[in-house]
Amino acid sequence: MKHLLFRRTAIAAACMSAPLCAIADELRAPISVVVVSATRSAHTSFDLPAAIDIVDASQLRDTQPRVNASEALAAVPGLVARDRQNYAQDLQISSRGFGARSAFGVRGVRLVADGIPATMPDGQGQAATFNLDIAERIEVLRGPFSALYGNHSGGVIQLFTGDPKGASSIESSFSAGSFGLRKLDVNAQGSSGKLGYLLDASRFETDGYRAHSAATRDQAYAKLVVEPSGTSRLVLTASGLRQDDTQDPLGVTWATYQRDPRAGEIDTTDTQSPQRTLADRYDTRKSIDHQQFGLTWEQRFGPDRLLLTAYGGNRRVIQYQSFSRGFQAPPTHSGGVVDFDRDFHGIDANWRAVRELAGGTLRATVGIEVARSRDDRQGFENFVGNTFGVKGNLRRDERNEVDSVDPYAQLEWERGPWVLTGGVRRSRISFDVTDRFLANGNDSGSVDYSHTSPLVGVLYKVSPALNVYASAARGFETPTLNELFYSGSGAGFNFRLGPAIGKHLEAGVKAMLRPGVRLNAAVFQVRTEGELVVDSSSGGRTSYRNASATLRQGGELSLDAELGGGWNARLALTALRATYEEGFGAVPEGSRLPGIPKTSLYGEFGWKEQSGRFGAALETIANSRVYAEDTNTATPAPGYAIVNARVQASQQLGGWKFKQYARLNNLFNRDYVGSVIVGDANRRYYEAAPGRNWILGVSAQYQF
């Protein structure tokens, strides 16, 4: 089967090459944006044997409130980024189907901001820490090349803020919209001589679309750039995120969603208030206080370069969960209040050398990445007497530690039309849990994982306007801390849970069909052994197991076109078949992996006045149905298609620059399930997306 995919790829590539080669000589060499995600050094994306897309500053900032990364990531093929309308649990992001099972945060996809990981050593990340207000671009890397970033399987999402340039400026923006959305941002930047600075602060508030989903988020970012000489550069960054008492609306059953998409699930055990929801009764909510800093030093020696990155931070979380078993939890339960204080830090050092070899150019990068996190984690009952949603008796007290050490190397050799790439990363990840609360059993334990991830890739430049490529890698994904805490027998730490090992294959075409029209197409296959799935959920403990092999096969297509007269179009299409190759337990062979749509589409058709003062566009987002659990017997979330409309304008008056935009999302007011909570033990899988909603935004910038 795995060879069939590449036979089809070869046939398709041959068929496509004939017409493209015929026009290639008439085209100039394509202009491609410079990216760093695939090779850790500046490279044009057109000449990389990897699927990589760029979301630029205009897509991120000009017509969006800049609250969630999902606003712009919808336009990236192979990626599904869902705004869950639940700011207590963060976005749900999956890449080629990896990460879809995550109940909170981002899993299976590595997140990086300005070279600093936003993913912890165990593989769990937080997209909310991305500061979109000052982002210059986001690079999205998928497929085999992501294996060189270590413990994850699906891809890498990197955010880059702009460097301060020129005279000082200050800018303020404000957005407002449906469901009480309000966002205020102020930033300043400038440079003088060898020193540049960038400062940003924002506040976001919403009453929430779903019942019990209000949120307030304060965010700040600072960046200092120092260039002591023409060959050296120091970048210091600091950021903070604070969300106090962010309401958690929870998922709902299919019956509740059909009755009222905005409603919460009724607590059937509440005899005093029979119509009160679980979220209201237990006041489900989460408070987050996250700070981190980073330092990057770059020293160039002619074409060679030394890059050192160090970072550290603290993340404090208090979460109040629902618990519907009455006043007394079973002895094994760790409580309905999660309270942890995490310190984390790490370094990444690499050396890049450029040499002439065998008539071509060799670029070699070697480095090592070390990361560590330490949690003081406690759990409490979420009631005292007859009062719920308050911190009660202690049920859990642990110290959790995760360490990772990953040396890596990557080689790229280019000669004539050929670009050959190879790489390897050796990962070692250690988990250690020390249980200090033994009344409900001893959950202490430790386990080590190690894996070598090799990569090979080749790109052939058929012409200045056409490149074809193929790549292969073997990646892996360890369990997270939350997946290791309990074993299926109801006992403590799950020593037997192993990593999922994936073999990634990809082939693709990158082409400039004519000036201003670029096409990227790729087919891929990932066969995974030991896929991590829910084993059991009872007594307040959810355990995981390694399932049978899974198979992901699919294709991606993106097309960007400048059509003349200010008109433009964009298309991103993904087809993905993700199945269990063997049955296990109650899951039959051939079942679809939950949380993954078979097809996803983003389309955009827009116009912008030549000087850029006015613009408008229509957007279409469509996804096929999604299963909510492994057996595929629960009602799947139906497929949907929505249409969004936007307009924008800008003016320049002396040193002032003004911008305005308006959005009308879900133009035809469709009801649909925006995301699912995969495998929820209470069958509360469904999270509704908003109907028709509006957003207005204005900004003013002054250049001194």
Side-chain angles (χ1 to χ4, degrees), residues 53 55 59-60 64-76 78-113 117-120 123-133 135 138-142 152 154-159 179 181 183 202 204 206 208-210 213 215-217 219 239 241 243 246-251 286 288 290 315 317 319 480 482 574 594-597 600 602 621 623 626 637 642 665 672-678 685-690 693 695:
D53 283 79
V55 181
Q59 295 169 273
L60 287 165
Q64 300 282 7
R66 308 187 295 272
V67 175
N68 298 303
S70 58
E71 297 165 358
L73 293 179
V76 178
L79 204 69
V80 177
R82 301 181 185 275
D83 176 3
R84 307 175 60 180
Q85 301 300 306
N86 184 346
Y87 292 95
Q89 304 297 354
D90 211 343
L91 298 180
Q92 190 179 76
I93 299 177
S94 64
S95 175
R96 295 185 175 177
F98 292 96
R101 79 171 187 276
S102 181
F104 63 94
V106 178
R107 177 80 182 94
V109 180
R110 186 172 174 88
L111 305 177
V112 185
T119 296
M120 295 294 107
Q124 193 81 42
Q126 293 81 34
T129 59
F130 278 2
N131 191 313
L132 303 174
D133 292 307
I138 293 178
E139 297 180 10
V140 182
L141 173 66
R142 307 173 301 285
H152 63 282
V156 181
I157 300 177
Q158 291 211 55
L159 178 143
F179 320 119
L181 182 150
K183 170 83 182 293
S202 67
F204 161 71
T206 179
Y209 166 70
R210 300 167 60 198
S213 63
T216 299
R217 177 190 295 170
Q219 207 161 2
S239 62
L241 169 73
Q243 291 183 198
T246 302
Q247 292 181 338
D248 185 348
L250 308 175
K286 180 188 284 188
I288 304 169
H290 182 107
R315 182 176 180 85
V317 172
Q319 181 179 6
T480 65
N482 285 284
T574 305
I596 303 171
S600 300
Y602 175 87
I621 300 173
N623 285 288
V626 169
I642 62 170
N665 297 320
Y672 67 101
V673 176
S675 60
V676 296
I677 303 171
V678 171
Y685 305 119
Y686 310 97
E687 298 179 300
N693 62 94
I695 304 174

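- The backbone N or O of R66 lies less than 3.5 Å from a partner atom in the side chain of E71, making a donor-acceptor pair.
- In this structure, S95 contributes its side chain and G154 its backbone to a donor-acceptor pair below 3.5 Å.
- Looking only at distances, no side-chain donor or acceptor of R142 sits under 3.5 Å from a matching main-chain atom of G155.
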- [ ] Starting from the C-alpha separation in whole Å, work towards a yes-or-no answer on side chain to side chain contact (heavy atoms under 4.5 Å, CB included) for R315 and Q126.
- [x] CA-CA 11 Å; R315 182 176 180 85; Q126 293 81 34; 3.2 Å; yes
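- For V55 against A72, the heavy-atom pair with the smallest separation is CG1-CB, 3.5 Å.
- A side-chain donor-acceptor contact under 3.5 Å links T206 to the backbone of F179.
- Between Q219 and H290 there is no side-chain heavy-atom pair separated by less than 4.5 Å.
- Closest approach of V109 to V156, counting heavy atoms only: CG1-N, 4.4 Å.
- Listed here is the closest heavy atom pair of N623 and P597: OD1-CG, 3.7 Å.
- Looking only at distances, a side-chain donor or acceptor of Q124 sits under 3.5 Å from a matching main-chain atom of F104.
- Partner of L159 under the side-chain contact (heavy atoms from CB on, under 4.5 Å) criterion, out of V112, L132, L60: L132 alone.
- Donor-acceptor pairing under 3.5 Å is lacking for the side chains of Q85 and S213.
- Rounding to the nearest 0.5 Å places CZ of R82 at 12.0 Å from CG of L91.
- Using modelled atom types, no side-chain atom of D53 and backbone atom of V140 make a donor-acceptor pair closer than 3.5 Å.
- The CD1 atom of I677 sits 8.5 Å away from atom CD of Q92, with the distance rounded to the nearest 0.5 Å.
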Open item on the list: Using the rule given for side chain to side chain contact (heavy atoms under 4.5 Å, CB included), can you reason through L73 versus N68, listing the C-alpha separation, both sets of side-chain angles and the distance that settles it, and then say yes or no?
Closed with: CA-CA 9 Å; L73 293 179; N68 298 303; over 6 Å; no
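- With a 4.5 Å cut-off on side-chain heavy atoms, Q319 and D248 count as touching.
- The minimum heavy-atom distance between Y602 and A74, with the atom names listed, is CB-O, 3.3 Å.
- In this structure the side chain of N693 never reaches within 4.5 angstrom of the side chain of Y209, judged on heavy atoms.
- Summarising the geometry of L111 relative to G125, their closest heavy-atom pair is CD1-C, 4.1 Å, with the distance given to 0.1 Å.
- No hydrogens or angles considered: a donor-acceptor pair under 3.5 Å links the side chains of Q243 and R217.
- Here the side chain of T246 pairs no donor or acceptor atom with the backbone of A88 at under 3.5 angstrom.
- Between K286 and Q89, some side-chain heavy-atom pair lies under the 4.5 Å cut-off.
- Nearest approach of Y686 to A637, heavy atoms of both residues: CE2-N, 4.3 Å.
- Annotation: side chain of D133 is in contact with side chain of K183 (closest heavy-atom distance under 4.5 Å).
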